[in-house]
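Inspection log for the structure reproduced underneath, given as structure tokens.
Naming convention: chains lettered A, B, ... in sequence-line order (proteins, then strands); numbering from 1 in each chain.
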Amino acid sequence: NAGVTQTPKFQVLKTGQSMTLQCAQDMNHEYMSWYRQDPGMGLRLIHYSVGAGITDQGEVPNGYNVSRSTTEDFPLRLLSAAPSQTSVYFCASGKAGGLAYEQYFGPGTRLTVT
Amino acid sequence: GQQLNQSPQSMFIQEGEDVSMNCTSSSIFNTWLWYKQEPGEGPVLLIALYKAGELTSNGRLTAQFGITRKDSFLNISASIPSDVGIYFCAGHFFSGNTPLVFGKGTRLSVIA
């Protein structure tokens, strides 16, 4: 049982490049979410999903796309990277309803955009 | 939207001291969670609280769900160097599948 896994661990992009941050969980959790963490800003919600085929925007969705075709995976896409997207990105999962709010986090992806 | 005020922002304490931090909100919550994040890692769930007035312990950590449902407290007794990290509170008001609201964290440093 690996929990929540994220790849890659580190990534450097040039402005304008695109990439996908991968997130997978093996706990059969319906609820998955993406956060970014910047110094002094805490965790800010980007997008979340309450099940396959359902996604919704969080606090800071601009510049990011998501889709949820399976329960296990919730990739985050940057279509045209900008320096303002330099951050640490965390994926989290939990059960929808009931104890959804006990979210479990992955180890993070550290992204630098130059 | 809902916001959580977490205090203090940072603290420096001597090893062996007790620590107290809190989280307050202008809105009521049904659930309070406390997470710890160590350098270079993702946040790890420490304690979950589901009832107003509830007091729950996890080793040297004790957390309480405030009676008003607008606040929560985390205490760490007899701190040790491995307590270093950022502690986040998170709250949830059950309304459909609304997401968790996170505080900005308390950065704890322990001086040996």
Checklist entry - Can you name the nearest heavy-atom pair linking A:Glu102 to B:Ala48, along with the distance? => result OE2-CB, 3.6 Å
Checklist entry - Checking side chain to side chain contact (heavy atoms under 4.5 Å, CB included) for the pair A:Tyr104/B:Leu45: CA distance, chi angles, key distance, verdict? => result CA-CA 7 Å; A:Tyr104 299 91; B:Leu45 182 64; 4.1 Å; yes
Item to check | Steps toward side chain to side chain contact (heavy atoms under 4.5 Å, CB included) verdict (B:Leu100, A:Tyr35) | outcome: CA-CA 11 Å; B:Leu100 281 177; A:Tyr35 294 84; 4.3 Å; yes
Checklist entry - For the hydrophobic clusters of this structure (ILVMFWY residues joined by side-chain heavy atoms under 4.5 Å, transitively), does one cluster hold both B:Phe88 and A:Val4? => result yes
Checklist entry - In terms of hydrophobic clustering (I, L, V, M, F, W, Y; side-chain heavy atoms under 4.5 Å; direct or indirect links), are A:Leu45 and A:Leu76 co-clustered? => result no
Next on the checklist: Counting only non-hydrogen atoms closer than 4.5 Å, does A:Arg110 touch chain B with its backbone (N, CA, C, O), its side chain (CB onward), both, or neither?
Outcome noted: side chain
Item to check | Sidechain-backbone polar pair: B:Tyr35 side chain, A:Gln103 backbone, donor-acceptor under 3.5 Å | outcome: yes
Checklist entry - Under 4.5 Å, heavy atom to heavy atom, which residues of residues 6-24 of chain B contact chain A? => result none
Checklist entry - More than 12 non-hydrogen atoms from neighbouring residues, nucleotides or ligands closer than 6.0 Å to NZ on B:Lys104, yes or no? => result no
Checklist entry - Looking at A:Phe105 and B:Pro43, what are the two nearest heavy atoms and their distance? => result CB-O, 3.4 Å
Item to check | Heavy-atom proximity to chain B below 4.5 Å, by part of A:Gln6 | outcome: neither
Item to check | Over 12 non-hydrogen atoms of neighbours within 6.0 angstrom of NZ in A:Lys9 | outcome: yes
Item to check | Joint hydrophobic cluster, A:Met32 plus B:Phe102, side-chain heavy atoms closer than 4.5 Å | outcome: no
Checklist entry - Which atom names give the shortest non-hydrogen contact between A:Phe90 and B:Gly42, and what distance separates them? => result CE2-CA, 3.3 Å
Next on the checklist: Do A:Leu13 and A:Val66 land in one hydrophobic cluster if side-chain heavy atoms of ILVMFWY residues count as linked below 4.5 Å?
Outcome noted: yes
Checklist entry - Are B:Phe73 and B:Val101 grouped together when hydrophobic residues (ILVMFWY) are joined by side-chain heavy atoms under 4.5 angstrom apart? => result no
Checklist entry - Between A:Leu43 and chain B, which part of the residue has a heavy atom less than 4.5 Å away: side chain, backbone, both or neither? => result both
